[in-house]
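First up is the structure itself, then whatever we jot down about it.
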Amino acid sequence: MGKGFSERERRGADRIGRTAFMGNPFAEFRDECARLVKAALDREGFSGEEEVRLEVPSDPSLGELSFSTFALAKRTKANPRAIASRIAAAAKEETKRLVGRVEAAGAGYVNFYVGIEAFAEALIRSVGSEGASFGSFQGNGERVIVEHTSVNPIHPIHIGGARNSVIGDCLSRILRAAGKDVRRHFYIDDVGLQVSQAAYGLSMLGGGITAGGEHAGRRLDHKDEYEDEEGMGDKRGTGDAAKERHKGDHFIGFVYASTSCAINIRTLKARIERLKTEGKDEEVREEIRKLDDWVAVSSELRERNAETFDRILDGISSSEDPEREVAELLRRYESKDPKAVGLIRGLCETAIEGFRETLGRVGIGFDSWDWESEIASWNGGAREVVERLSGSGFTRVEDGTVVLDCEAVVERFGLREKYGIKTDVPPLTLMRSDGTTLYTTRDIAYTLWKFQRAEKIVNVISIEQKLPQLQLKIALHALGMGEDAERLMHYSYELVHLPGYKMSGRRGRYVTFDEVLDEAVHRAYREVSERSPHLGEEERRKISEVVGIGAVRYALASVAPQKPITFTWDRVINFEQNSAPFIQYAHARACNIMVKAGGGWKGSGADYAALSSRYERGLVVLLSKFPEVVGEAARSLRPEEIAEYANELASKFNLFYDNIPVLKAEGENVRNARLHLVDSTRIVLSNALALLGVKAPERM
RNA sequence: GGGUCCGUGGCGCAGACUGGACAGCGCGUUGGCCUUCUAAGUCAAUGGUCGAGGGUUCGAAUCCCUCCGGGCCCGCCA
């Protein structure tokens, strides 16, 4: 898309694309073309022109790169077509290495074609010698923290959170390939009001949700569930009853939804009574609508697990003031009261255990799990932020709360234009009247912590938090850390919607990542069994895991992050073209050829000049672009570019596969050249998939 | 209401930061291709006023302005 992030934010992402490459035949070809154009311009008397810009022609038959003469023609009042022919003619006089042909074409273009013999050999050498690291390069070792996922430990990771995880993980892989020293951080928001609410509900069940507790007793075996039922197509945002019984994060999600539901119903009822006595009919109707919504939620929840729901409901009904008790629990947790710590930490540990299981299954790991309580709360970090900001003169005290006047900071440091702010930035409440801190305050403390460990920070956080992330930067300026703010990026992405409604953790309405993965693997298994009945059961299971999970990862990584996604099973689990399985299949085909070829061909001669068909040329050229694609994806932080590249490469390979015989090629040296090409394709497909965190099976 | 992001064939997307040669791809629909390296493939046909209107430019899906439609945000939630 390219519009999602400002140029300022992109600069924050660094100019990785300009870093020196190890083996990069296409960059060499590009340099050679530029040199030819410059030399030709000099010969023809167009001296002192600025940097030569080359474009990729719209049609491969027009060459691999082209130079357009329109701008030059405009300046010199000459005919663009005539300039093009003069440049082409002059360029033909120069010595060339990777450039094969130069031609004038169209109304004013000079087209450059690779000389396939030299170029293919250069490419195949590079890929062969670099192998799995072809496409990645040495960077400056700059430390980058990528914070991603960071879902609240009060419900399982749903499909929206999964988008965050996959994007964050792909970004980490791509930045690492670009030579950054990447650390992946998960921020555990254990201090918030929501966690306290979940823990409060949990306390009504007498604790005990971890292994050995009453719910763990009904643990199901994963395998049983596999063949459980034909499909889960009718399950929509109602949770997964089986998972709720055996996976802690799912159970916590249920407890949290039940608690927030019970509290909301109770609060709304009280408010409606009060409004009625005050005769505010309009507002009464409004509140009744909200109540109706929550009553509907309550019956959904009750249907899932009546016993647990009723116990929570009873507990909350008999409480004098549940909202106050939740706030009290949070206050006690922030002051590290042992009982509160035991309760909340237990809940969080259980939830995180569930996250680890889910994320581990899709190959997502972290270098650091950062507890908000430890980094921002118990060590006084957030308190210190409040104090330092108070000393900055930009805060005021309102009704016992401490508030940061963001607008004043924006004015003082001239941030309006810098951050594209067109309206007033709302003030940020830093501290509640009961002395507890708010999320963004703790996030400021966390950010200071991160800057002690890295030069750059990328926060993968949904678009919903755009304003608080801006306020965070503003707060850094207020602290005199404006330069650090420049090295902090909010990498935002749009939400995943469900067809009828928005996902809501508080309402327990979400499609979990676990159920999507289960369903994907289930469908992949059916697919594999149908297509490859000759494979053994064990291998079919393995392949379906890789294929199903790859499909989900690809679906989430391949859509530009600033586009909202509406969840449908068919969309997230696709096995046809433009999917991970399509790419994996191309890889498996390439592997198959290599297996059948054996190893004897490697040392013998190869005729690279024979790789002259449009299929082979196209493949060679596309392979050679991989390093630049990686550099570009890293520069612009766009994993979807890798996805698209991999898809295009698979597509080009399929064309080659269907049109050009390899094992039955005529002539030993031609066969060898093609085998080199297939092997290079295999390696690059595998490297590209690796950047997306997708495994490349050798058979499917 | 204000801000912001998005709007490309029936559906889902790429192309936009960095303007260039007839706007690509998938799904769908219709019709072909497995005695040749895996048909999760491939070929052909079908289908688009690039939301609308202005402007800048030799040239605009791309840059600028206005408008229309949708997502998101505007809390002592996160």
Side-chain angles (χ1 to χ4, degrees), chain A residues 1-7 10 53 55 57-59 62 66 68 70-71 73-74 80 105-109 111 150 152 154 189 192-195 197 327 398-403 420-426 429-434 436 438-440 443 461-468 492 494-495 497 502 505-506 524 527-528 530-532 534 547 558-560 562-566 568 570-571 574-579 581-582 584-586 588-597 635-636 640-641 643-644 647-648 650-651 654-655 657-665 678 699-700:
Chain A
M1 291 311 303
K3 270 189 137 179
F5 299 104
S6 68
E7 192 46 41
R10 283 186 199 294
R53 284 193 50 197
E55 300 145 24
S58 53
D59 185 322
L62 297 169
S66 72
S68 82
F70 301 105
K74 180 96 183 6
Y109 293 94
N111 294 337
S150 301
N152 280 346
I154 48 171
D189 179 22
L193 224 35
Q194 279 93 332
V195 172
Q197 205 171 68
E398 265 176 22
D399 304 326
T401 66
V402 180
V403 176
I421 302 165
K422 287 193 181 159
T423 49
D424 286 4
V425 178
T429 304
L430 298 168
M431 198 169 83
R432 295 189 184 93
S433 47
D434 69 356
T436 56
L438 282 100
Y439 172 80
T440 306
D443 201 14
I461 301 175
S462 90
I463 187 79
E464 291 176 298
Q465 292 196 43
K466 184 170 183 162
L467 178 59
S492 67
E494 266 289 353
L495 308 178
H497 297 101
K502 194 179 163 177
R506 290 202 303 161
E527 205 80 9
V528 173
E530 194 178 302
R531 295 173 197 272
S532 306
H534 57 283
V547 167
S558 62
V559 178
Q562 61 272 34
K563 304 246 190 185
I565 294 179
T566 300
T568 62
D570 287 342
R571 174 174 188 150
N574 174 21
F575 297 114
E576 290 172 316
Q577 194 160 149
N578 205 353
S579 74
F582 173 78
Q584 290 170 319
Y585 185 69
R589 283 175 137 186
C591 287
N592 196 45
I593 292 178
M594 300 320 296
V595 167
K596 293 204 166 153
R635 183 192 71 82
S636 57
E640 69 273 22
E641 289 197 347
E644 209 173 309
N647 186 60
E648 195 183 343
S651 195
N654 282 331
L655 282 185
Y657 186 95
D658 278 343
N659 289 284
I660 308 291
V662 177
L663 296 175
K664 292 186 178 169
V678 172
R699 296 206 288 178
M700 286 175 69

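Every chain is numbered from 1, with letters handed out A, B, ... down the list of sequences. Basis for what follows: all heavy atoms, side chains included, without hydrogens, waters or symmetry-related copies.
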Any base atoms under 4.0 Å from A:D570, or only sugar-phosphate, or nothing? Heavy atoms, all strands.
nothing
Can you tell me the base-pairing partner of B:C67? Count Watson-Crick or G-U wobble geometry only, both distances below 3.5 Å, and say none if there is no partner.
B:G51
Could you pick out which residue, A:R53 or A:P661, lies toward the 5' side of RNA chain B when each is mapped onto its nearest nucleotide?
A:R53
Please report the shortest heavy-atom distance between A:F575 and A:P581, naming the atom on each side.
CD2-CG, 3.3 Å
How is A:V547 classified with respect to the nucleic acid when contacts are heavy atoms under 4.0 Å: base, sugar-phosphate, or nothing?
base
Residue pair A:Y439/A:S558 against RNA chain B: nearer the 5' end by closest nucleotide is A:S558
Base, sugar-phosphate or nothing for A:I421? Non-hydrogen atoms, less than 4.0 Å.
nothing
A:A650 and A:F582 have their tightest heavy-atom pair at CB-CE2, 3.6 Å
In terms of side-chain heavy atoms of A:K74, which of B:G41, B:C58, B:A40 is nearest?
B:C58
Describe the nucleic acid contact of A:Q194 in one word from base, sugar-phosphate, nothing, applying a heavy-atom distance below 4.0 Å.
base
Could you classify B:C13 for me, syn or anti, using a glycosidic angle within 90° of 0 as syn?
anti
A:E464 meets the side chain to side chain donor-acceptor pair (under 3.5 Å) criterion, sequence neighbours left out, with A:S462, A:K502
If we only count heavy atoms from C-beta on, is the A:T436 to A:D434 side-chain gap below 4.5 Å?
yes
Counting the atoms with a prime plus P, OP1 and OP2 as sugar-phosphate, which does A:F582 contact under 4.0 Å by heavy atoms, base, sugar-phosphate, or nothing?
sugar-phosphate
With heavy atoms under 4.0 Å as the rule, sort A:V678 into base, sugar-phosphate or nothing.
nothing
Using a heavy-atom cut-off of under 4.0 Å over every strand shown, decide if A:T429 touches base, sugar-phosphate, or nothing.
sugar-phosphate
Reckon A:R699 touches a base, only the sugar-phosphate, or nothing at all at heavy-atom distances under 4.0 Å?
base
Of the listed B:C37, B:C5, B:C76, the closest approach to the A:Q562 side chain comes from B:C5
How does protein contact run along nucleotides 21-26 of chain B, one letter per nucleotide 5' to 3', with B for base contact, S for sugar-phosphate only, - for none, heavy atoms under 4.0 Å?
BB---S
Nearest-Å distance once atom C1' is located in both B:A39 and B:U35
16 Å
Quick one: label A:Q465 by what it contacts on the DNA or RNA (base, sugar-phosphate, nothing), any heavy atom closer than 4.0 Å.
base
Taking any heavy-atom pair under 4.0 Å as a contact, classify A:L663: base, sugar-phosphate, or nothing.
base
Backbone N or O of A:S66 within a donor-acceptor pair of the A:N111 side chain at under 3.5 Å?
no
Please identify each residue that fulfils salt bridge (Lys or Arg N to Asp or Glu O under 4.0 Å) with A:E648, with sequence neighbours left out.
A:K652
